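Predicted model, so just to flag it, every value in this text is computed and none were measured. Note on naming: letters A, B, ... go to the chains in the order of the sequence lines (proteins, then strands), and numbering restarts at 1 for each one.
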There are 2 protein chains.
Amino acid sequence: MTTLKDIAKRANVSVMTVSRVVKNSGYVNTETRKLIEAVIKELDYRPNEIARSLHRSSTNNILLVVPDIENPFFAEMIKGTTTVLRQYGYQSIFADSDGEIGNEKAIADRALSRIVDGVILYCPRAEAAYFDFLSARIPLLVVDRRIASHAVDHIYIDNKPSAQAAVDYLIANGHRDIGLIGGPQNVLANLRRKSGYLASLKAHDIPVTDQYMFFCGFEFEDGVSAFDYFWRMERRPSAYFATNDLMALGFIQQAHEKGLAIPGDFSVVGFDNIAMSRLISPALTTVDNPRRDMGALAAFRMLRKLDPTVEVPQFEMTNRMVIRGSVRNIA
Amino acid sequence: MTTLKDIAKRANVSVMTVSRVVKNSGYVNTETRKLIEAVIKELDYRPNEIARSLHRSSTNNILLVVPDIENPFFAEMIKGTTTVLRQYGYQSIFADSDGEIGNEKAIADRALSRIVDGVILYCPRAEAAYFDFLSARIPLLVVDRRIASHAVDHIYIDNKPSAQAAVDYLIANGHRDIGLIGGPQNVLANLRRKSGYLASLKAHDIPVTDQYMFFCGFEFEDGVSAFDYFWRMERRPSAYFATNDLMALGFIQQAHEKGLAIPGDFSVVGFDNIAMSRLISPALTTVDNPRRDMGALAAFRMLRKLDPTVEVPQFEMTNRMVIRGSVRNIA
DNA sequence: TTGTACGCGTTATCAG
DNA sequence: CTGATAACGCGTACAA
């Protein structure tokens, strides 16, 4: 592990001269520079970034905390973020909280020991007060979660309007009996999607039918269960709004299993626009969630916090409907 | 940003005494300890890990480099690794090479400036010599790639035997015309799967038919193309071995699209056992690839390199057939 | 153009 | 039990 000192000794100069060569700053005699460069190569010297970090008290590391990296939604966000960070010379320290508040806090707390310059929390589960606490101590960005406190920087798209638009679309296609495959009721984004569903019905003077709303987990299997649930009903909806694509896929899969056709027998709209939605048959009509851009924006916003001269490009942070083949017009 | 010195000043003691309290080492008078602890709390002191790292010249960081975090295969491996690392007090620095050799090397090279204690490369693309270079400078582990050099630590499962077993299984079910959906020909694991296919045919004295082998990418769409390719043939195979599940899924999807039944009309076997394979209908018969365990093993092996007292648990690093519903016995 | 001294925050050593 | 000192590797400020 060779250091500046080793080079200096070998080249018969002071460490400072070597440092100047390494950083390419200040005046150095061309001859000595050449000599030093040779020695550097010979001894395979590389600056110790830890020492540098200590000196300038910044690390060029950003901590990213996600609930579950196996979920493609977060994987794509992370990719958006790391790509940008790397372009600006920052490394990503990555941690998976397994969706547990305890882990989440433990991870973020460690960041307070100056191993990173900033923290990005993706869809965190912790209570609001914790973000105030963190934000007071280190540059913090919260992604995909609405934060009341003005003190905490965050990126959040309200999913309600686009969910409403999705249901509006079903109604425009002649459907009035619309089922909700509602997912878990303790995740904010999901609740906003439900709100959109309710708002659309209300706007069209369609009464809400409690049995038409099915609440469950967030997975493919939950879509399967949803189908089974609705299948047992005597008078069942002609169209379904699933609050995420995975459930919509499960629903469709099970419909096929039972010999039903989509969109012939039932229409389905999902939410998120995951990769698989485009690939199945019929391709799923859904609402795009620009997670990659959210990730990139998070990176830029963090970079800007650390260096106000950084330009944050414009991203269109909107959910957009993607019309494909899973809805039939019955009007 | 409060330091030991601040605490010391406030408590009227030396930094060393404070340090002892913080690290809970050595003798400290109970009274002074209490006082110091109070001041620590009051000033919200946290040790500077960078300074510690500099001193002990180790960072407790491990660098993980994957070709693409959006690929669930890698996401799961990473999860296996980070979970173990975290249990042992290590953080994961994460980087995505986008599958490009240039990025891969640039990332790993940065690791040489002592920001991490070790490097784990997942399915790297670089040439063999580079691993020797890296391995000579920093603890290195290469995962999911066979390495000739004995000097480079690696974790690798030869996929050939299990691929062979998969094709054996088709043959045992009465199939003799077996198509290969072969994926890309520049990825080692994939080539080994093809070798298994060939070996099985040979072992059963079934001649190899060139037109029965279709080479393509690695994605869902490639499975779709494969179906279209075979569909055009006059005399087509009754069974297919896809060298990964994603392609098998695309194949099945397209078969359904064309009104064909699996396994009624064609039998299909995949490889990898991704989550989706269990969920579709018919559930896919495939070969499990223990990526999560590979990830965990990678972590343990790295930990052991850094600290020889670490115990590496036994993992059964084998591909295992998962029999589900996509193969029909036509004997 | 080159070198000296000091500090970044922590800890090991040794003396008191 | 406590404290002074040096060291980790680098870079800023100031001299020479």
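No donor-acceptor contact under 3.5 angstrom links the side chains of B:T82 and A:D96, judged on distance only.
Computed from coordinates, the B:Y27 OH to D:dT2 C1' distance equals 13 Å when rounded to whole Å.
Between A:F131 and A:L140 the shortest side-chain heavy-atom distance falls below 4.5 Å. Side-chain contact between A:F74 and A:P72 is absent, with no heavy atoms from C-beta onward closer than 4.5 Å.
Contact of A:H55 with D:dG9 (side chain to base): no donor-acceptor pair of N or O atoms is detected under 3.5 Å. If you check distances only, the side chain of A:R20 does reach the base of C:dG3 with a donor-acceptor pair under 3.5 Å.
Mapping B:E49 and A:T30 onto DNA chain C via the closest heavy atom, the residue that lands nearer the 5' end is A:T30.
Proximity note for B:K23 (side chain, C-beta onward) versus D:dA4, C:dT11, D:dC8: the nearest is C:dT11. Minimum atom distance to the side chain of B:T32 is reached by D:dT2, of the listed C:dT10, D:dC10, D:dT2. Of the candidates C:dC8, D:dC10, C:dT1, C:dC8 carries the atom nearest the B:K5 side chain, counting heavy atoms from C-beta on. Distance from the side chain of B:T17 is smallest for D:dG3 among the nucleotides D:dG3, C:dT10, D:dG9. Each of C:dT10, C:dT1, D:dG11 was ranked by its minimum atom distance to the side chain of B:A51; first place goes to C:dT10.
Here CG of B:L141 is found 6.0 Å from CZ of B:R301. Values are rounded to the nearest 0.5 Å.
Nucleic acid contact for A:S57: none, since no nucleic acid atom lies under 4.0 Å from a heavy atom of the residue.
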